[in-house]
Protein chains: 2
Amino acid sequence: MSDKTTASQAERKRGEGVKFVYDILRDDILDLVLPPGSPIDEVQLAERLSMSRTPIREALVRLAGEGLVTTLPNRSTVVSNIDFLNLHTFFDAMTLMYRVTTRLAAQFRTDADLVAIRARQADFAHAVEAHDALAMIATNRDFHARIAEAGRNPYYTGLFCRLLDEGRRILRIYYSSFDDRLPRRYVIEHEDIIAAIEARDVEAADRLASAHADQIVRQIQDLIARDRRQQITL
Amino acid sequence: MSDKTTASQAERKRGEGVKFVYDILRDDILDLVLPPGSPIDEVQLAERLSMSRTPIREALVRLAGEGLVTTLPNRSTVVSNIDFLNLHTFFDAMTLMYRVTTRLAAQFRTDADLVAIRARQADFAHAVEAHDALAMIATNRDFHARIAEAGRNPYYTGLFCRLLDEGRRILRIYYSSFDDRLPRRYVIEHEDIIAAIEARDVEAADRLASAHADQIVRQIQDLIARDRRQQITL
DNA sequence: TCAAATTTTCTTGTCGACAAATAAAATACA
DNA sequence: TGTATTTTATTTGTCGACAAGAAAATTTGA
C-alpha cells in the first residue's frame, strides 16, 4: 500500500478525515497499487488509518460517484474494472475533450494561464529527460488539465480530468513498454500547442490537439497490441 | 417539501436508505422545491425521514459529487447556486453534447433503441399537448437521455445527463413564461432527429441536433432577457 | 462421494452518542 | 450607543456498537 498510510498515525485535524482517505485511495487506484477488482475492506482500512468506518464509507461513496469504485449492495466494494472491450468510447471522448479544451484555451487564456501551462510543460520535459515514465504520465496529465482550466469551462474540465485519470490507469499498465523516442515527439507537440494558445489561434490549437490526441491513442493501442502479442508468445 | 417524504414512514429495506434520501433530495433540488442556497439540515431531515444521520450524510456526499450541493466545512451544506454569470459555458457544453450524442446514436442505434426513443417522444408530445410545462421539461430530458444511451458512450451520457438536469433547474425558473407555439416546433424537430437516427444519417443527425440545441439555448436566453425586463419594469 | 440444507462467520448498513468547530447570544467596556 | 469579548447553543465530523445479509464452512442425507 501507499507509503503515506504509515504517516497517518499522526493526529489529523477534524474535517480532513474523509479527504485524507479519499486521496490515499484515489492515488492507490490510479497508480494501480490497488489494481482493478481489488476488494476494499472497510474495517481493515479503518484500523490501518486508525479511524472509524464512517469517514471511510463517505470517501468510498465519493469514489463510487467518480466511477473509480463499484459498490455491490450488501457485499464488498471493489476497484472498478477497466472496460477494455469499450476502449473506443474512451478514446473518442478523450480526443474530443483534447480538442475542445485546447480550442477554448486558445480563445480565453490569460497571460497567467500561459505561465502556468509553461511551468507544467517544463515538468513534463524534465520527466521525459529523466526517462521517468510514471512522472511523464502524471506531468502530462497536469499539463493538459491546466490547459483545460485556461479554457474556463468547468463541465469540460470535469469530464476531461476524469478521462485523464482513467488514462493514467491504463497507461500505468503498459508503462514498462515505453521507449524514449516517442516522448520527445510529445514534447515538441506540446510546444506547438502552447504556441497556438499563445497566438490565440483557435483553429491551429484544434488541429494540433487533435493530432496529439490521435498520437496518444495510437500509442496506447500499439502498447495493447504489443502486450497481446507477448501474451500469446508466452 | 416533496410529498413522498410522508410515505417514508413505512419501513424501508436495508441498503435502500441512502438511495431513498438521495432521490428525494435530488428531485426536490431539480424541481426547485429546494431553491439554490437552501440550507440542508441533517438532523431535521433525519427525523423527518425517521432515519439516522449516517445514510443522509452519504446521500449528501453523493449529491456534492454531482455538484448539486455544496458542503461548507464544519458548516451547513446548501443547495448549489446556478452560475448565471457563466451560463455560456453551460450552453456551449450542452450544444456539443447534443451533437455528439445524436451523432453516435445515428451510428450505433439498434432497433430496440429506436422503439425506446419513440416511446419517450410520445411522452413528450403528450406533455406538449397537455400544455404541461413541467412534464415537458422532464420528458424532453428523458428523450435526449435515451438518445445518448443509444450512442453507447457512457462518458458522454454521464456529462449530458448532468447538463440536462442542470437545464431542468434553469428552465424550471422560467417555466411560467412558456408559450405553446415554440414547443410544437420542438416536437417536429424531435421527429426529424428520430428520422435521421433511423436512417443512420450521421451528418443529418448532427445538423439537426445542432439546430435543436441552438433553438433551446435561444429560448432560454430569451426567457432570461424577458425576465430581466420584467424585473426592471417592476 | 457428492449434493442439499443448516450453521457459522464475516461484512455491511444503520444507529445513537460524544466532542470539536462554528454561529448566535449575552455580557462587558468605552 | 456601539464595539469587543466572553458565554451559550447549535451543528457538524467522528466514533463504537449492533443487527441484517451474504459468503463460507459444516453437517446431514442419499
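Only heavy atoms go into these numbers, but all of them, side chains included; no hydrogens, no water, no symmetry mates. Treat the numbers as computed from the prediction; the structure is a model and nothing was measured. Here is how names work: the chains are called A, B, and so on, in the same order as the sequence lines, proteins then strands, and each is numbered from 1.
Atom CD1 of A/Ile56 is separated from atom P of D/dG16 by 11 Å (rounded to the nearest Å). The interatomic distance linking B/Leu60 (CG) with C/dT14 (P) rounds to 14 Å, in whole Å. The distance from atom CD of B/Gln44 to atom P of D/dT11 is 9 Å, rounded to the nearest whole Å. Across the protein-nucleic acid pair, B/Met51 atom CE and D/dC18 atom P stand 22 Å apart, rounded to whole Å. The NZ-P distance, from A/Lys19 to D/dT14, rounds to 13 Å in whole Å. Remark: C1' of D/dT12 and NZ of A/Lys13 are 18 Å apart, rounded to the nearest angstrom.
Interatomic distance, CZ of A/Phe90 versus CG of B/Asn153, reported as 11.0 Å (0.5 Å rounding). We find the NE2-OG1 distance between B/His144 and B/Thr157 to be 14.0 Å, quoted to the nearest 0.5 Å.
With sequence neighbours excluded, the residues satisfying side-chain contact (heavy atoms from CB on, under 4.5 Å) with B/Leu134 are B/Asp132, B/Arg172, B/Tyr175. The side-chain contact (heavy atoms from CB on, under 4.5 Å) test applied to B/Asp113 returns B/Arg109, B/Thr110, B/Arg146, B/Ala150, B/Arg152, not counting sequence neighbours.
A salt bridge links A/Lys19 with A/Asp23: at least one charged nitrogen is closer than 4.0 Å to a carboxylate oxygen.
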Nucleotide N/O to protein N/O under 3.5 Å, stretch nucleotides 7-12 of chain C:
unit_1, atom_1, unit_2, atom_2, d
C/dT12, O2, B/Arg14, NH2, 2.2

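Counting non-hydrogen atoms of neighbouring residues, nucleotides and ligands closer than 6.0 angstrom, the NE2 atom of B/His126 reaches no more than 12 such neighbours.
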